[in-house]
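Residue numbers count from 1 along this sequence.
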Amino acid sequence: MYPPAFASPVRNRSRSFLEDKGSRSSLKEFSLEDTDLNSATSTAPPFSADSASASPSASPSASAAAAVAAAARHFLHFSMFRALPVPGGRYTAQVRLEPRGGKDGSSDIDDGDSINPASRDAISDEASSLLRPDAEPFPNAAAAAAVDGAWRAGGRLGSGYRKGRRKLRSLAACAALVVAGLVVAACLLLDVADAWLGFGGGRRAAGLERCVPQDIAVPALAGMTVAEKVGQMMQIDERALGLGGNVTEYYIGSILSGGGGWPQYAPNTPTAWADMVDNFQAKALKTRLRIPLVYGVDAVHGHNNVFGATVFPHHVGLGAAGNATLVEEIAAAVAKEVAATGIRWTFSPAVTVCLDPRWGRCYESFGADPGLVTEMAIAEIRGWMKVPYEAGNFPGTVFMAPTAKHYVGDGGTRGGVDRGETVGGEAVLRHVHLPPYVAAVAEGVPTIMASYSSWNGVKMHGNSYLLTDVLRKEMGFLGVLVSDWEALKELPGSYEDQVALGVNAGLDMIMVPNDFANFSSTLTSLINSGRVPMSRIDEAVSRVLSLKHSLGLFDKDLVCARHSSSFFSSSSSSLSSRFLPFFGCPEHRQLAQKAVAASLVLLQDSWRRGGNGGGYNVAVWGRGRKKMFPLPVDGARIVVAGSHANDIGRQCGGWTISWQGEAGPITKGTTIWQGIKELISGRAASLTYIGYPPEDDRYENGTRKRPIEATREAAAAWVKRARSVEADLGIVVVGEPPYAEYKGDNQQLELSGPARSTIFGICNQIPCVVVVVSGRPLNVTGMLPHLDALIAAWLPGSEGNGVADVLFDETVDFKGKLPLPWFRSVRDLQPDHSPGPNPPLFPMGFGLNKAGNPMGTVDGEGAP
């Protein structure tokens with residue numbers, strides 16, 4: 001999507017341009033590269049003019065160029081570097097043109113433009129002998145012609161030296177001025193191109209300011225104005241700020257990039273992100289008290305807004321893996337990738353207990369067991385906060401600020417409705433939903449985000465009992481309590497009522513992504529009228545400032561993301577540069593691949609050949625088989641099909657590059673099909689991907705792109721072709737389309753028509769394994785008799801080769817167990833989460849290994 005970053009030549013040239021080595025530079029500073037005029041590829045080491053005449057191997061063209069450079073050095077009164085091409089050859093001379101000083105430091109050129117006789121004679125003799133075309137043979141006619149042109153243009157620097165020196169000097173001065181203009185223009189143009197195209201890691205885009213590292217004193221509350229305090233309580237989306245002028249005007253304390261947010265004026269690269277953060281920080285440091293801002297981002301399964309980041313499995317998959325050590329390692333890895341973009345605050349982990357798979361955010365939860373959620377949440381918080389060794393002498397006490405969310409009960413709403421109501425007594429709230437927060441506070445989590453949902457009719461953002469009495473006074477939370485996106489507007493009453501209710505209930509920072517001017521004036525008015533006491537404001541601001549201090553943002557080493565005060569160079573010790581090598585690195589992708597393999601849950605492993613199961617190739621499968629695993633590879637003809645088999649976007653799910661996510665090659669990674677090819681393409685007799693039937697739910701502007709009849713006919717044609725494929729084993733990968741939040745609420749939880757057609761088209765012909773890529777259990781009860789093996793792969797992220805490892809590598813076994821029950825029918829899902837009329841199809845904690853043995857259950861229920 002974007003060209004790879006590489007080291008920009010602009011910076012080195014620009015630094016050299018500004019260096020001042022004084023007037024005593026000698027001719028040894030002259031260097032020559034690519035001196036062979038006969039070859040387009042050969043190069044020579046840097047050439048010194050002082051050694052031109054002494055070295056018998058020095059080329060005549062090099063000596064000639066050295067003499068010209070020497071003459072120009074004596075004649076010109078300014079200093080610069082520039083590559084000078086010689087006609088007919090490939091070599092370039094980097095020339096520093098400046099007066100040559102004597103031993104006393106004075107210039108050899110006097111005010112009368114006369115030249116020191118000794119220096120003049122030495123140059124005249126050497127140059128005249130070198131610049132005569134007939135002095136000695138040249139490598140080719142082009143070289144001779146080039147030097148002959150120089151000789152004619154500059155005059156004979158021997159007997160005709162005095163006569164031609166003014167002409168030579170005038171020509172050289174004009175040429176040097178032109179070259180100087182070209183150099184400056186090229187530097188500026190390349191600098192702009194660097195910003196837009198990401199060269200050299202990405203320079204800042206036009207209009208972005210550079211952050212200057214500086215130590216800043218933590219301000220005293222008594223010295224802050226009302227406007228400055230209100231500003232510290234606001235968190236604004238970067239897309240509403242443009243180039244950031246409002247940061248200074250409104251004293252904004254925090255900025256975020258929500259789902260799908262990334263730099264508006266540059267490509268979606270890590271250094272473009274760091275430049276964006278630095279630009280906003282530079283604006284914040286222009287305020288009277290120079291209070292730095294803190295930047296937040298939804299890094300919920302990797303630094304998922306940034307192209308090329310490592311995308312890990314969503315939480316539901318990590319809950320299936322059930323490995324706290326692995327979760328901690330993942331959080332630490334993502335923290336490094338987030339730090340590479342200069343960001344220090346992440347809105348993760350969701351410590352939600354998901355009781356209903358119909359909820360559109362269920363995949364953000366580790367599962368339905370409060371104990372499992374608590375264990376995984378604590379591991380992730382530790383991984384985010386711990387200081388990696390790469391940070392060196394880290395000034396702050398917290399490396400990355402995680403956020404436990406969404407407080408409290410958002411996974412228990414009636415019917416799984418997002419932002420709905422959780423109904424029940426306080427005992428249920430404390431037994432099911434509160435334990436992860438108690439543990440998170442004990443672990444020292446620095447921020448907690450309130451939930452959109454209600455508890456017994458009271459919106460959480462205005463529930464002072466739960467936000468202040470329970471969370472603050474009872475649990476002892478001392479950090480920042482932040483609102484969710486525009487959540488105050490869901491409170492009852494006018495906007496003034498909503499702001500007053502939320503702030504007085506205990507919120508410290510308000511996420512007002514767009515309407516910050518209205519919020520600022522409203523809260524200021526409420527303070528002046530006494531509806532919001534100053535003591536509540538001071539309490540909130542002190543917590544925000546404490547968060548920034550714990551992150552080291554008042555320290556010069558961490559206040560800026562990557563830039564130093566130098567115009568042409570970036571600080572090699574900046575936060576971003578230290579961690580940029582970790583962004584999307586092979587080690588992180590290997591960790592993600594390992595996590596994917598650990599998250600897969602084998603739900604069914606049977607052998608239904610014979611009867612309605614169809615035939616099979618005895619030479620490949622053998623006789624007497626009772627289950628599918630281990631799968632045959634050597635000599636087998638394998639076919640792969642399904643909408644999720646070769647699609648990075650679908651296997652990553654929501655919160656990937658965009659808020660809702662989308663299908664297609666939206667970021668870097670390995671699809672499941674690509675992983676299978678890489679692993680077994682040299683062993684299988686044949687390996688074919690045949691795609692999937694046309695989707696029947698494609699709309700554009702509310703109108704179906706393809707008539708239902710045409711879709712059905714196309715699907716039937718695909719199934720007919722699939723049945724004609726000769727193969728011994730089928731791998732079918734199907735699942736849900738990407739979604740997020742309330743747009744993912746689903747009361748049916750059915751696979752699409754094309755997904756079912758794919759399963760029946762393949763599995764009714766040959767032995768098959770069905771891999772379900774989804775953020776929650778789906779209705780598969782009616783399909784079980786038609787397939788041999790069923791695997792829950794959840795939302796694996798960017799490294800689909802982890803699925804291939806478990807399928808075909810005999811040394812990698814299934815380890816995952818269901819983090820929530822797999823329902824038999826959606827009718828069994830009760831609104832109040834009480835047990836349904838039928839037991840689950842697969843109980844929570846269930847999972848098989850390749851030997852066919854269950855790895856344990858939570859509630860004692862067995863598999864069907």
Side-chain angles (χ1 to χ4, degrees), residues 258-260 298 300-301 314-317 319 347 350-368 373 405-424 432-433 449-455 457 459-461 484-487 489-490 649-650 652-656 658-663 695 697-699 702 734-753 755 772-780 792 794-795 819-834 836 840:
D298 282 292
V300 296
H301 64 138
H314 268 294
H315 278 169
V316 67
F347 307 132
V351 299
T352 297
V353 178
C354 178
L355 299 180
D356 197 320
R358 292 172 291 189
W359 184 38
R361 306 192 76 160
C362 195
Y363 64 75
E364 296 183 48
S365 166
F366 288 109
V373 173
K405 67 179 188 182
H406 304 89
Y407 182 86
V408 58
D410 56 335
T413 60
R414 291 182 62 85
V417 176
D418 189 41
R419 309 186 183 189
E421 182 179 14
T422 300
V423 178
V432 176
H433 300 288
M449 183 181 291
S451 174
Y452 283 116
S453 61
S454 306
W455 180 55
K459 279 289 186 180
M460 200 58 58
H461 277 75
D484 210 330
W485 182 281
E486 290 189 330
K489 292 186 176 181
E490 299 197 4
R650 296 189 192 212
C652 287
W655 294 105
T656 310
S658 63
W659 173 39
Q660 292 294 313
E662 60 183 288
E695 301 284 358
D697 54 356
R698 293 183 180 178
Y699 291 83
V734 294
E736 294 184 293
Y739 58 85
E741 297 195 38
Y742 57 86
K743 293 192 175 184
D745 288 355
N746 188 330
Q747 298 298 312
Q748 303 301 319
L749 299 179
E750 296 280 355
L751 283 167
S752 68
V772 178
V773 176
S774 65
R776 53 197 165 189
L778 299 177
N779 186 5
V780 297
W794 313 109
L795 296 172
L820 68 168
W822 198 290
F823 62 90
R824 188 177 297 271
S825 168
V826 290
R827 293 189 297 270
D828 297 325
L829 300 174
Q830 302 300 301
D832 60 354
H833 317 300
S834 61

### Task
Quick one: sort the Tyr363 and His314 rings into parallel, tilted or perpendicular, breaks at 30° and 60°.
tilted
### Query
How many angstroms lie between CZ in Arg419 and OG in Ser454, if you round to the nearest 0.5 Å?
11.5 Å
### Query
Roughly how far, to the nearest 0.5 Å, is SG of Cys362 from CG of Asn746?
12.0 Å
## Note on the structure
Between the CZ atom in Phe823 and the CZ atom in Arg358, the distance rounded to the nearest 0.5 Å is 9.0 Å
### Query
Just wondering, do Glu736 and Leu778 contact through their side chains at under 4.5 Å, heavy atoms?
yes
#### Entry: Gap separating the CD atom of Glu490 from the OH atom of Tyr452, nearest 0.5 angstrom
6.5 Å
### Task
Run through His301, Arg650, Glu662 and flag the one making a side-chain hydrogen bond (donor to acceptor under 3.5 Å, both in side chains) with Thr656.
His301
## Note on the structure
In short, Val373 meets Ser365 closest at the heavy-atom pair CG2-OG, 4.4 Å
#### Entry: side chain to side chain contact (heavy atoms under 4.5 Å, CB included) partner of Val353, chosen from Val432, Asp410, Val408
Val432
### Message
Can you list everything that forms a side chain to side chain contact (heavy atoms under 4.5 Å, CB included) with Asp745? Sequence neighbours excluded, please.
### Response
Trp359, Val417, Asp418, Tyr742
### Message
Going by the rule disulfide bond (SG atoms under 2.5 Å apart), which residues pair with Cys652 if we only count those two or more places apart in sequence or in a different chain?
### Response
none
### Message
Please report the interatomic distance CE(Met449) to CH2(Trp485), rounded to the nearest 0.5 Å.
### Response
11.0 Å
### Query
Given Trp659 and Asp298, is the side-chain contact (heavy atoms from CB on, under 4.5 Å) satisfied, shown in steps?
CA-CA 10 Å; Trp659 173 39; Asp298 282 292; over 6 Å; no
### Task
Compare all side-chain heavy atoms of Pro840 with those of Asp828 and state whether any distance is below 4.5 angstrom.
no
### Task
For Lys405 and Asp484, run side-chain contact (heavy atoms from CB on, under 4.5 Å): C-alpha distance rounded to whole Å, both residues' side-chain angles, the deciding distance at 0.1 Å, then the answer.
CA-CA 9 Å; Lys405 67 179 188 182; Asp484 210 330; over 6 Å; no
### Task
Spell out, as yes or no, whether a donor-acceptor pair under 3.5 Å connects the side chain of His833 to the backbone of Gly412.
yes
### Task
Give the C-alpha distance, both sets of side-chain angles, the deciding distance and a yes or no for side-chain contact (heavy atoms from CB on, under 4.5 Å) between Glu364 and Thr352.
CA-CA 8 Å; Glu364 296 183 48; Thr352 297; over 6 Å; no
### Message
Nearest 0.5 Å, please: how far is CD in Glu421 from CE in Met460?
### Response
10.0 Å
## Note on the structure
On a heavy-atom basis, the closest approach of Asp356 and Gln830 is OD2-O, 4.2 Å
